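Structure first, commentary second.
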Amino acid sequence: MGRFRAWVGIAVAGALCVSAAGCSSTGGKRAEDARKAAAAQGKAAVNTPRWTFAMITHSGDGDTFWDIVQNGAEQAAVKDNINFLYSHDAEAQQQAQLVDAAVDKKVDGIIVTLAKPEAMKAAVDRAVRAGIPVVTVNSGSEVSEEFGALTHIGQDETVAGRAVGEELNARGKRKVLCVLHEQGNVGHEQRCDGLKETFEGTVENLYVEGTNMPDVQSTIGAKLEADKKVDAIVTLGAPFADTAARAKEEAGSKAEIDTFDLNAKVAAGLKDGTLGFAVDQQPYLQGYQAVDLLWLYKYNADVLGGGQPVLTGPQIVTEEQAGELAEYAERGTR
């Protein structure tokens, strides 16, 4: 694998802290078929009891980022002889209700995202008080221990934002739009805040309605037309990179498009130069390790992380690595 300019080492040196929420574009039948095929052909590698683990995320419908997380979790579940239940809701109150439902089913372990921590606190507390081990994943590292979870798995969003700022400095950029597509998501704010910490130019936050792509495109385009000094746009999810690229073209802008998260379209964009770089937090690894960690805890009372979150990123991915990663993105594991 080509060399990644990764900030993982810096983050580990800072203490293996992790946080919040990456998302990407519309999910497809290919990822679903791949998951079903893997589950059908796979065989458990252990003879431990068939425990039931539930994963409850803040994903909206048809989000390929969470397809990848789910894919990793399901493949680990096959290996670990786990009955795996997946549910999701983009609304925090509904997500909390899904956690309550898992507790009522008396599942053996819960994996949950905490994009909006306060709305999830009571439900997670109920699971912990019921004696159900909880692992938080992707978002919520700053409150994971406080809420009683065993550990957290994901990337530190502030560290990832800092990495983006340093990369943009190296590329000579002077004015950046940080496009936030989900208001209230603490991880998105942390990404833009981290960017501001290290970027030597000007950073402006641009809030858009992520569920309305035509509005996202028009809002970005209007900003580019109004401010010709913008020379870089950072989107916080893979599908928004493509939308930003269309807005850039319509506005006649020369701004570079960069993004958080990786999928097949982003890999292609990196390869053909449409995009400058992407920040990969390895969602497959988040799902896979979450199931594995719960299994290890149930089987052997093992807990990884030494009291600190377990990092899965960030990695800065450029054109140099795009060709190698495209194969993995196509099969739904990157």
Side-chain angles (χ1 to χ4, degrees), residues 21-26 60 62-65 90 157 160-280 314 316-319 322:
C23 290
S24 293
S25 76
T26 55
D63 189 320
T64 56
F65 179 92
E157 300 298 358
R162 291 170 185 158
V164 170
E166 294 286 6
E167 182 68 21
L168 290 169
N169 288 337
R171 290 167 179 259
K173 304 305 178 183
R174 299 307 306 158
K175 188 165 187 179
V176 179
L177 288 183
C178 192
V179 183
L180 298 96
H181 63 267
E182 185 183 340
Q183 293 193 38
N185 188 318
V186 294
H188 290 184
E189 298 287 348
Q190 289 167 345
R191 289 176 177 180
C192 293
D193 288 347
L195 168 57
K196 291 174 183 177
E197 286 183 27
T198 57
F199 185 56
E200 295 170 357
T202 302
V203 179
E204 182 176 340
N205 286 0
L206 183 66
Y207 292 90
V208 297
E209 182 54 58
T211 58
N212 185 340
M213 281 299 190
D215 180 68
V216 173
Q217 183 173 333
S218 63
T219 301
I220 295 174
K223 184 62 182 177
L224 291 176
E225 289 177 355
D227 190 348
K228 300 299 184 182
K229 292 184 179 180
V230 173
D231 57 5
I233 301 168
V234 175
T235 61
L236 303 187
F240 302 96
D242 186 56
T243 302
R246 291 196 297 271
K248 164 189 168 178
E249 183 176 358
E250 287 190 358
S253 171
K254 295 182 179 180
E256 177 179 290
I257 310 296
D258 306 302
T259 191
F260 281 78
D261 301 332
L262 186 71
N263 63 12
K265 184 168 284 190
V266 167
L270 292 171
K271 190 173 182 179
D272 66 21
T274 302
L275 305 179
F277 65 89
V279 184
D280 185 21
I316 299 294
V317 181
T318 66
E319 179 184 1

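Predicted model only: the values in this text are computed from it and were never measured. What you see below is based on every heavy atom in this structure, not just the backbone, and it leaves out hydrogens, waters and symmetry mates.
Taking each heavy atom of V266 and A278 in turn, the nearest pair found is CG1-CB, 3.8 Å. Contact record, D215 with S218: O-OG, 3.0 Å, taken as the closest heavy-atom pair. Here the closest heavy-atom approach between residue P314 and residue A160 is recorded as CG-CA, 3.7 Å. Across all their heavy atoms, V230 and A255 have their closest contact at O-CB, 3.6 Å. When every heavy atom of G221 is checked against every heavy atom of A247, the shortest pair comes out as N-CB, 3.7 Å. The two residues Y207 and Q183 have their closest heavy-atom pair at CD2-CG, 3.8 Å.
We find the CG-OG1 distance between L206 and T235 to be 11.5 Å, quoted to the nearest 0.5 Å. Distance OG1/T219 to CG/L177: 11.0 Å, rounded to 0.5 Å. Atom CG of residue N205 and atom CD of residue E189 lie 6.5 Å apart, to the nearest 0.5 angstrom. For the atom pair CG of D258 and CG of L168, the computed distance is 5.5 Å after rounding to the nearest 0.5 Å.
Side-chain contact between L195 and V176 is present, with heavy atoms from C-beta onward closer than 4.5 Å. Contact check for L236 versus L180: side-chain heavy atoms found under the 4.5 Å cut-off. Residues I316 and E166 are not in side-chain contact: their nearest non-hydrogen atoms beyond the backbone lie 4.5 Å or more apart. Between T259 and F240, every side-chain heavy-atom pair lies at or beyond the 4.5 Å cut-off. Between V317 and L270, some side-chain heavy-atom pair lies under the 4.5 Å cut-off.
Within the structure, the salt bridge (charged side-chain N to carboxylate O under 4.0 Å, His left out) test picks out the following pairs touching residues 235-252 (sequence neighbours left out): D242-R246, D242-K265. The list of disulfide bond (SG atoms under 2.5 Å apart) pairs with a residue in residues 236-272, not counting sequence neighbours, is empty. Screening residues 178-237 for disulfide bond (SG atoms under 2.5 Å apart) gives C178-C192 as the qualifying pairs, with residues at least two apart or on separate chains. A salt bridge (charged side-chain N to carboxylate O under 4.0 Å, His left out) check over residues 195-209, counting only residues at least two apart or in different chains, returns the pairs R162-E197, E204-K223. Sorted pairs that involve residues 268-277 and meet salt bridge (charged side-chain N to carboxylate O under 4.0 Å, His left out), not counting sequence neighbours, are lacking altogether.
Formation of a donor-acceptor pair under 3.5 Å by the R171 side chain with backbone atoms of G276 is found in this model. The main-chain N or O of K173 is never found under 3.5 Å from a side-chain atom of D231 such that the two would form a donor-acceptor pair. Looking at D261, its side chain never comes within 3.5 Å of a backbone N or O of G237 through a donor-acceptor pair.
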Verdict with supporting geometry, F65 and L262, side-chain contact (heavy atoms from CB on, under 4.5 Å): CA-CA 8 Å; F65 179 92; L262 186 71; over 6 Å; no

Carefully, step by step, assess F260 and V164 under the rule side-chain contact (heavy atoms from CB on, under 4.5 Å). CA-CA 9 Å; F260 281 78; V164 170; 3.7 Å; yes

As a quick check of understanding, evaluate side-chain contact (heavy atoms from CB on, under 4.5 Å) for I233 and I220, giving each step before the final call. CA-CA 9 Å; I233 301 168; I220 295 174; 4.0 Å; yes

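Here K229 pairs with K175, D227 under the side chain to side chain contact (heavy atoms under 4.5 Å, CB included) rule; sequence neighbours left out.
The aromatic rings of H188 and H181 are tilted relative to each other, their planes meeting at an angle between 30° and 60°.
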